[in-house]
Structure formats: C-alpha cells, structure tokens
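In each ligand, atom 1 is the first atom listed, and ligand 1 is the first ligand listed.
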Amino acid sequence: MLSKREVFDGVPEEYLSHKERYENAIRNSVVAFSLVRKMQEEGKTSINNYRDVVGGLLGSSVLRDGSPLGLHYIMFMPAILNQANEEQQEKWLPRAWNCSIIGSYAQTELGHGTFIRGLETTATYDAATKQFVLHSPTLTAYKWWPGGLGQTANYCIVVAQLYTKGQCHGIHSFIIQVRDEETHMPLPGIKIGEIGAKLGLNAVNNGFLGFDNYRIPRTNMLMKHAQVLEDGTYVKSRHSKLNYGAMVFVRVVIVFDMVNYLSKAVTIATRFSAVRRQCQLKAGETECQILDYVTQQHKLFVSIAAAHAFRITANKLWLTFNEVNEQLVEGNLQRLPELHALACCLKAVTTADTAACVERCRLACGGHGYMMSSSLPLTYGLVTAACTYEGENTVLLLQTARFLVKTYQQLDSKALTPTVAYLKTAAAERFCVGWSNTTEGIIRGFQVVAMRVIIMSTFNEEVQEMSRTVSPQLKEVLHQLVDLYCTYWALEKLSDLLLYTPISQKEVESLRLRYEETLTNLRPNAVGLVDAFDLRDEMLQSTLGSYDGRVYERLMEEAMKSPLNAEPMLQSTLGSYDGRVYERLMEEAMKSPLNAEPVNYTFHKYLKPFMQGKL
Ligand SMILES: CCCCCCCCCCCCCCC/C=C/C(=O)SCCNC(=O)CCNC(=O)[C@H](O)C(C)(C)COP(=O)(O)OP(=O)(O)OC[C@H]1O[C@@H](n2cnc3c(N)ncnc32)[C@H](O)[C@@H]1OP(=O)(O)O
Ligand SMILES: Cc1cc2nc3c(=O)[nH]c(=O)nc-3n(C[C@H](O)[C@H](O)[C@H](O)COP(=O)(O)OP(=O)(O)OC[C@H]3O[C@@H](n4cnc5c(N)ncnc54)[C@H](O)[C@@H]3O)c2cc1C
C-alpha cells in the first residue's frame with residue numbers, strides 16, 4: 001500500500017524532476033486505481049456509482065498533483081456513455097471500465113480552445129473504404145492539452161470537423177487508437193508527445209497529437225446523436241449541441257471538486273490560525289491566537305460558509321443534471337439550455353471564488369503559507385487551472401448571460417424553468433423591493449440585481465432543507481454561516497445593491513455591524529466547523545493544518561527533507577520566448593525529457609501489467 005506521502009527513492013514529491021514526477025504518478029495511479037478494479041471484482045462498485053469511487057481517488061491526496069489516468073475516468077468514459085450508441089458502448093465501455101485500454105479527451109487545439117466550431121482537425125469520410133481519414137492540416141490544428149495523452153493513453157476521444165460527400169457537418173467525436181496496445185509505440189500517422197511543465201497538475205501528462213492522413217473505421221465515429229451511413233449519407237442529431245454533453249458533465253463534477261479543495265484550504269488555514277500566536281491585543285498580555293483578530297476572521301470564515309454553500313449547490317446541480325439527462329433520453333430537450341447555462345455559471349463562479357479563497361487562506365498563514373509543505377500553493381495551482389479548463393470562465397459566464405437575456409425576453413410568453421422562476425417575481429415587483437437586512441431580504445435584493453443586469457446568477461440557499469434535518473444547535477451555526485455568506489456578498493456587491501435597490505445608508509451601516517457580530521458569533525465554532533469537514537491529515541498533507549497542531553515541529557521535519565540541506569546546487573532555468581508562439585510552444589514541448597524516449601519504462605513495469613489485470 002502507498003505510504004501517506006508517496007516518495008521517489010526517499011525524495012519527497014516537491015523535489016522530483018519533471019520526469020520522476022510523471023513516473024511517480026504512474027506508479028501511484030495504477031496502484032490506487034487497482035483498488036477500483038478490486039472493488040469491481042468484489043461487486044462493491046459498478047459503472048453507475050463510479051463518480052463516488054473516482055471522485056474519492058481523483059480528489060485525494062494520493063494523486064496530489066493530478067493523475068495521468070484522470071481524463072480516462074473524467075472525460076473518456078463519460079464521452080462514451082454520452083455519445084456512443086449501444087453497440088459502441090458494448091464494445092468500448094467494458095474495456096475502459098476495467099482499464100484494459102486507457103483513454104483521453106482531445107478537443108482543444110494549439111490554435112483553438114474556446115471557439116470549438118473553429119477547430120481545424122478534419123475527419124473526412126471515404127465511402128470506398130468505409131473509413132474516416134483524420135488529418136491535422138496545420139500546426140495550429142494539433143490537439144494540445146489532452147490529459148494523459150503525452151505518454152500514457154493508448155486511445156482517445158477526438159473532436160474533429162466531419163466531412164462527407166464534400167460537405168462539412170461541423171464538429172463530431174471519434175474514438176481513436178493512438179498507440180499500439182502491446183508495444184505502446186505511437187501508430188503510423190500519429191505524432192504524439194507531452195506539452196511540457198505547467199503551473200500545476202504536472203503529474204497529469206498533458207499531451208499533443210497530430211494526424212497525418214490517419215485512417216479509422218466508419219464505426220469509430222460516436223453515433224448516438226448523429227450518424228454517417230456506409231454510403232456517406234449524414235444523419236443529423238436532434239439537437240446540434242448534444243455532442244457537447246461531455247463538457248456539461250465535467251463542469252458539474254468540477255463544482256464538487258471545488259468543495260473538496262476549498263474545504264481543505266480553509267481547514268489548513270483555520271487550524272493554523274488557532275495554533276499561531278502573534279502580537280498582543282493588550283500590552284502585557286500573552287500573545288493571542290491570530291484567529292482572534294477580526295481581520296483574520298474576515299479572511300477565513302466566509303470560506304467556511306462558501307464550502308457549505310458550494311456543497312449544497314453541487315448536490316442540487318447533480319440532481320438537475322440527472323433529471324435533465326433522463327428527460328433527454330425520453331426525447332425531451334426542453335431543459336437542456338437551462339442545464340448548460342447552470343453548469344457554465346456554477347463552474348465559473350465556484351472555480352473563481354475557490355481560487356480567490358484559497359489564495360486568501362494562503363495569505364492568512366503568513367510565510368508558512370508560502371511553504372510547499374503547507375499544501376496551500378499546490379492547492380492554488382490545482383484550483384486556478386479549473387478557471388481555464390472545461391471552458392474559460394469569461395466565456396462560460398457569457399453563455400449564462402445569453403441564456404438569462406433570452407429568458408427575460410420570453411418572460412411573458414414562455415413558462416420559466418425552475419432555476420430562473422425568480423425572474424418572474426422580481427419582474428412583478430417592478431424592482432421596488434422593500435429592503436430588509438435578513439437572509440431572505442438579501443437574496444431578494446440579488447434577485448432584483450440579477451433581474452436588472454441579467455448576468456448575476458442567483459443564490460439558492462437550502463435553508464428549509466437544513467431546518468428539517470439538523471439539531472437546534474447545529475441549525476443556529478448553519479444559519480450563522482448562511483447569514484455570513486449573504487451579508488459578506490451584500491457588502492462585496494454593495495454598488496449593485498445601492499444602484500438597483502432602495503437600501504439606505506442606515507441599513508448598510510447596520511449590515512456592517514451585523515457582519516462583524518456574525519464573525520464574532522462564529523469564532524467559537526470555527527475550528528469545530530473545519531474539523532467537521534473530517535479531512536484526515538493524509539488528505540490535507542499539510543504541515544500547518546494537521547489535526548494535532550504540531551505546526552513548528554512539522555515545518556522543521558519537512559525542511560530537513562530538502563536535498564538542498566543534503567547537497568549543494570540543483571536545478572537550472574529554462575529559455576525565454578521570441579514571440580513565435582506555436583512553433584516555440586512545440587519546440588519547448590519537445591525539450592521535455594519525457595519526449596526523449598518513445599515509451600517510458602513505467603509502461604512495461606506498471607501500466608501494461610495494470611491494464612492486463614496482472615498487477
Ligand atoms: C462527483 C464527485 C467528483 C469529485 C472530484 C472528481 C475529481 C475530478 C474533477 C474534475 C477534473 C476536470 C479535468 C478536466 C480537464 C479539462 C478538459 C477540457 O478542458 S476539455 C475541453 C473543454 N473546452 C471547452 O469547454 C470549450 C468551451 N467552448 C464551448 O463550450 C463552446 O465553444 C461555446 C459554448 C462557448 C460556444 O459554442 P458554439 O457552438 O459556438 O455555440 P454558440 O455560442 O454559437 O451558440 C450558443 C447556443 O448553443 C447552446 N449551447 C452551447 N453549448 C451548449 C452545451 N454544452 N449544451 C447545450 N447547449 C449548448 C447555447 O445554449 C446557445 O443556445 P441558443 O438557444 O442559441 O441561445
Ligand atoms: C490544466 C489544463 C488541462 C486541460 N485539459 C484538457 C483536456 O484534457 N482536453 C482538452 O481538449 N482541453 C484541455 N484543456 C484546454 C482547455 O479546455 C482550454 O485551455 C480552454 O478551453 C480555453 O481555451 P484556450 O486555452 O485556447 O484559450 P482561448 O480560447 O484562446 O481564450 C484565451 C482568452 O481569450 C478570451 N476569450 C476567448 N474567447 C472569448 C470570447 N468569446 N469572449 C470574450 N473573451 C474571450 C478569454 O479571456 C480567454 O481566457 C486543458 C487546459 C488546462 C489549463
């Protein structure tokens with residue numbers, strides 16, 4: 001079994017080279033995911049609840065900086081479930097589920113990530129041979145970013161412009177083998193490698209992929225929604241965006257992931273703040289816990305409230321996702337635009353807020369928060385990536401804005417879907433809502449703001465749900481968190497409220513007082529609230545946030561592990577750029593030591609035995 005803090009020949013992860021980090025990640029991942037296979041064999045899990053199993057592993061400390069197998073579970077398999085017809089699912093799913101093939105998801109190209117209708121990779125149907133010819137016409141058409149593609153995956157879902165009978169039918173998905181299953185060598189016509197070092201997620205093995213007139217069978221086009229018949233006839237999908245389904249699923253999953261990361265960061269920072277004593281509240285007194293400073297409470301407590309708010313929201317979004325997908329199966333597409341808008345908005349808001357909160361948690365820990373051993377810099381690197389992948393946040397919020405504007409324009413002519421029904425109420429009150437400094441009053445205020453600017457998403461507090469299922473004491477604390485979260489954002493977005501609601505100066509002043517009172521009321525329960533996240537030290541992997549509070553001893557123990565304390569200089573620096581972006585990116589990628597060899601030894605030692613069930 002893996003040790004708590006996986007090391008590579010005695011050197012902690014932080015001090016591994018780029019190549020060693022990948023090799024370590026492969027070893028950790030195949031051992032960790034062998035557990036999933038064992039649970040399958042013992043009937044303790046199935047493809048229906050793989051979300052929890054995978055979520056537990058992919059969000060865990062064993063795979064601290066991501067996993068080369070992550071995309072296999074997070075996008076390759078969901079894409080097959082979402083876009084392959086039954087016959088194709090029967091062929092590919094069992095092999096994917098037991099990992100006898102390892103997949104990735106290749107959509108983004110060097111030249112396009114957001115504008116997917118502009119992707120350049122082509123899949124041209126040849127009726128004579130009943131094959132598709134995959135081709136990358138330019139360097140910018142190279143797939144760039146797919147997780148696990150650099151040295152690990154042997155299959156992937158490729159998104160390409162479909163051509164048949166001389167006509168382009170837009171982007172569609174194809175399942176494509178890119179490496180030999182025995183030798184793991186790239187197949188003829190495939191150019192593949194990894195893209196190089198990144199801000200974080202350096203264990204994910206993100207890759208590049210180019211096609212040189214590479215042929216695949218017609219039946220490798222995923223044909224649940226659209227089809228190409230043997231003679232090349234194109235049969236279009238009921239809805240052009242059903243092909244985008246895999247992205248919606250991942251956006252929903254990312255909201256859950258943010259809950260994990262935010263809970264982890266605020267647990268570390270709050271516990272450290274209870275241990276750390278610095279300066280005196282009154283001259284002559286002993287130094288006080290920094291958690292006693294209102295400024296520290298202002299930095300941290302809203303993150304505790306946000307973690308709960310995001311968890312409730314993620315669960316509600318998951319229910320909506322499943323409801324809408326059941327309707328899609330019955331042919332009812334009515335709520336698809338709402339699901340898309342909701343997934344876009346909540347992925348963007350939760351990732352942006354979590355990145356800001358994790359950075360604030362780091363800053364709240366002073367110099368010790370800047371240590372890699374605190375786990376806060378690593379957590380920030382992981383979270384900030386989520387603001388970009390699966391749809392850059394700006395672009396996704398614009399999609400939500402588009403949906404809200406459309407909804408508003410049809411306010412009187414169309415029944416509203418559940419998550420935007422509030423727009424009717426806000427409209428009916430003609431924006432002259434009386435202001436009240438209560439949770440409900442603040443939510444109503446934001447609904448009015450949303451109504452006016454039609455780009456604010458509203459915040460659906462599940463207060464009723466809490467009152468049914470919790471004890472009076474816990475209800476009081478949870479209400480304090482709800483109050484905190486609402487008053488915090490009311491004060492943060494005061495300009496909107498002042499512009500669009502009749503809130504008075506006096507009410508703003510009492511709101512401020514109420515905010516500070518709530519911080520004070522929450523203080524006695526702050527450590528208990530993060531303990532309630534029940535994150536084991538093995539998950540936190542932090543010198544600052546361990547349950548026993550031995551912060552200083554742990555900091556010193558970790559420092560002594562640095563090879564710099566054992567020997568002189570290490571490391572070197574990298575070259576700089578001359579502005580030729582794509583060529584330079586490719587040249588830099590080719591400098592990666594991982595690309596120096598066609599197949600890394602870990603394939604034969606770990607990956608292949610794992611895929612053959614021999615591990
Ligand atoms: C559960 C527990 C788990 C715990 C933790 C688990 C750990 C794992 C965590 C997760 C890790 C995740 C790793 C991910 C790695 C990264 C992968 C990637 O990044 S894959 C690539 C992602 N790329 C994108 O997201 C591209 C973004 N761009 C787009 O989506 C589109 O270009 C666009 C939506 C911005 C525009 O699309 P376009 O076709 O140009 O549409 P138009 O703007 O012209 O029209 C909009 C129109 O279409 C509707 N629409 C758009 N998209 C969708 C959709 N997906 N579904 C439904 N409808 C859609 C939209 O509503 C508009 O409709 P209209 O009626 O016309 O207004
Ligand atoms: C860690 C990581 C992992 C990834 N993994 C994968 C993967 O496994 N598979 C995969 O296919 N992709 C993957 N991606 C790629 C990711 O999906 C893209 O980076 C993302 O979609 C953004 O596209 P881009 O990078 O080309 O940026 P661009 O689309 O070029 O956008 C750059 C900037 O331009 C602005 N912009 C662009 N379009 C608009 C607009 N319409 N309106 C206003 N502003 C705009 C935004 O500010 C944006 O930040 C990954 C990315 C990262 C960072």
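For ligand 1, the polar-atom distance check against W318 finds no nitrogen or oxygen pair separated by under 3.5 Å. Considering backbone and side-chain atoms alike, D257 places every N or O at 3.5 Å or more from each N or O of ligand 1. Residue contacts with ligand 2: H112 is placed with no nitrogen or oxygen under 3.5 Å of a nitrogen or oxygen of the ligand (distance criterion only). For ligand 1, the polar-atom distance check against H239 finds no nitrogen or oxygen pair separated by under 3.5 Å. In terms of polar-atom proximity, defined here as any N/O pair under 3.5 Å, L71 makes no such contact with ligand 1. Checked by distance only, ligand 1 and Y105 stay at 3.5 Å or farther apart across all their nitrogen or oxygen atoms. For ligand 1, the polar-atom distance check finds no N/O of T108 at less than 3.5 Å from any of the ligand's N/O atoms.
For atom 12 (N) of ligand 2, a protein heavy-atom neighbour is present inside the 4.0 Å cut-off. Note that atom 26 (O) of ligand 2 has protein non-hydrogen atoms nearby, at separations under 4.0 angstrom. For atom 46 (C) of ligand 2, the nearest protein heavy atom is under 4.0 Å away.
Contact atoms of ligand 1 toward M247: 23 (N), 24 (C), 25 (O), 26 (C), 30 (O) (distance under 4.0 Å to a heavy atom of the residue). Remark: ligand 1 atoms within the under-4.0 Å shell around heavy atoms of G113 are 26 (C). Applying the 4.0 Å criterion to heavy atoms of L398 picks out, from ligand 2, the atoms 42 (N), 43 (C). Taking a cut-off of under 4.0 Å to the non-hydrogen atoms of Q107, the atoms of ligand 2 that pass are 11 (O). Atoms of ligand 2 lying under 4.0 Å from at least one heavy atom of L201, given by number and element, are 1 (C). Near T388, the atoms of ligand 2 lying under 4.0 angstrom from a non-hydrogen atom of the residue are 19 (O), 20 (C). Against a heavy-atom cut-off of under 4.0 Å, K406 is close to the following atoms of ligand 1: 64 (P), 65 (O), 67 (O). Here is the list of ligand 1 atoms found below 4.0 Å of a heavy atom in R117: 38 (P), 39 (O), 40 (O), 44 (O). If you number the atoms of ligand 1 from 1 as listed, the ones under 4.0 Å from a heavy atom of M75 come out as 17 (C), 20 (S). Atoms of ligand 1 lying under 4.0 Å from at least one heavy atom of V395, given by number and element, are 35 (C).
Between atom 37 (C) of ligand 2 and the options V159, V250, T114, T108, the minimum heavy-atom separation is to T114. Of the listed residues (V158, N206, L71), the one carrying the non-hydrogen atom nearest atom 3 (C) of ligand 2 is N206. Scanning R251, H340, Q399 for the heavy atom closest to atom 30 (O) of ligand 1 points to R251. Between atom 10 (C) of ligand 1 and the options L398, I254, L333, the minimum heavy-atom separation is to I254. Heavy-atom proximity to atom 48 (O) of ligand 1, evaluated over R402, H112, Q107, K241, is greatest for K241. The option from F115, W145, W144, Y105 that lies nearest to atom 52 (C) of ligand 2, judged by heavy atoms, is W145.
If you look at E338 next to ligand 1, there are no close heavy atoms at all, none under 4.0 Å. Of all the heavy atoms of V204, none lies under 4.0 Å from any atom of ligand 2, so neither backbone nor side chain is involved. In E390, the parts holding a heavy atom less than 4.0 Å from any atom of ligand 1 are both the side chain and the backbone. Both the backbone and the side chain of I116 come within contact range of ligand 1, each with a heavy atom under 4.0 Å.
The shortest heavy-atom contact between A306 and L262 is CB-CD2, 3.8 Å. The two atoms that bring I116 and Q161 nearest to each other are O-NE2, 4.1 Å, heavy atoms only. Heavy atoms only, all atoms of each residue included: V358 and A265 are closest at CG2-CB, 3.8 Å. The nearest pair of heavy atoms linking V255 to A314 is CG1-CB, 3.7 Å. What you find for A160 and L134 is that their closest heavy atoms are CB-CD1, 4.1 Å. Nearest approach of C361 to L376, heavy atoms of both residues: O-CD1, 4.1 Å.
Judged by distance alone, the side chain of E120 and the main-chain N or O of P137 form no donor-acceptor pair under 3.5 Å. With hydrogens and angles ignored, the 3.5 Å screen pairs a side-chain donor or acceptor of T121 with a backbone N or O of A141. Checked by atom type and distance alone, the side chain of K224 pairs as donor or acceptor with a backbone atom of L81 at under 3.5 Å. Formation of a donor-acceptor pair under 3.5 Å by the S136 side chain with backbone atoms of F211 is found in this model. Within the 3.5 Å criterion, the main-chain N or O of A386 finds a donor-acceptor partner in the side chain of K347. Counting only distance, with no hydrogens or angles, the side chain of H112 and the backbone of T140 share no donor-acceptor pair below 3.5 Å. Looking only at distances, a side-chain donor or acceptor of K264 sits under 3.5 Å from a matching main-chain atom of M539.
Judged by the shortest distance from any of its heavy atoms, E392 lies outside the 4.0 Å radius around the atoms of ligand 1. Ligand 1 lies nowhere less than 4.0 angstrom from a heavy atom belonging to C344.
Of the protein's non-hydrogen atoms, T394 CG2, 4.3 Å is the one closest to atom 44 (N) of ligand 2. Considering only non-hydrogen protein atoms, atom 8 (O) of ligand 2 sits nearest to G147 N, 3.1 Å. Nearest protein heavy-atom contact of atom 24 (P) of ligand 2 is G113 CA, 3.9 Å. Here the protein heavy atom with the shortest distance to atom 36 (N) of ligand 2 is V395 CG2, 4.2 Å. Among all protein heavy atoms, the one lying closest to atom 33 (C) of ligand 2 is E392 CG, 5.0 Å. The protein heavy atom nearest to atom 7 (C) of ligand 2 is P146 CA, 3.6 Å.
For residues 150-159, the side-chain hydrogen bond (donor to acceptor under 3.5 Å, both in side chains) pairs, not counting sequence neighbours, are Y22-T152, Q151-N205, Q151-N595, T152-N205, Y155-Q177, Y155-E181.
No side-chain donor-acceptor contact under 3.5 Å links N243 and S237.
For the pair R335/P418, a side-chain contact is recorded, criterion being any heavy-atom separation below 4.5 Å from C-beta on.
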Could you list the donor-acceptor pairs under 3.5 angstrom formed by side chains in residues 167-175, with sequence neighbours left out?
residue : atom : partner : partner atom : Å
H172    : ND1  : G170    : O            : 3.0
H172    : NE2  : Y234    : OH           : 2.7
S173    : OG   : Q83     : OE1          : 2.8

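A distance of 6.5 Å separates CD1 in I102 from OH in Y73, rounded to the nearest 0.5 Å. If you take CG on L594 and NE2 on H18, they are separated by 5.0 Å, rounding to the nearest 0.5 Å.
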* To do: Carefully, step by step, assess R251 and T350 under the rule side chain to side chain contact (heavy atoms under 4.5 Å, CB included).
  => CA-CA 10 Å; R251 290 166 189 157; T350 55; over 6 Å; no
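At least one test fails for R311 against the ring of F533: distance under 6.0 Å to the centre or angle within 45° of the axis.
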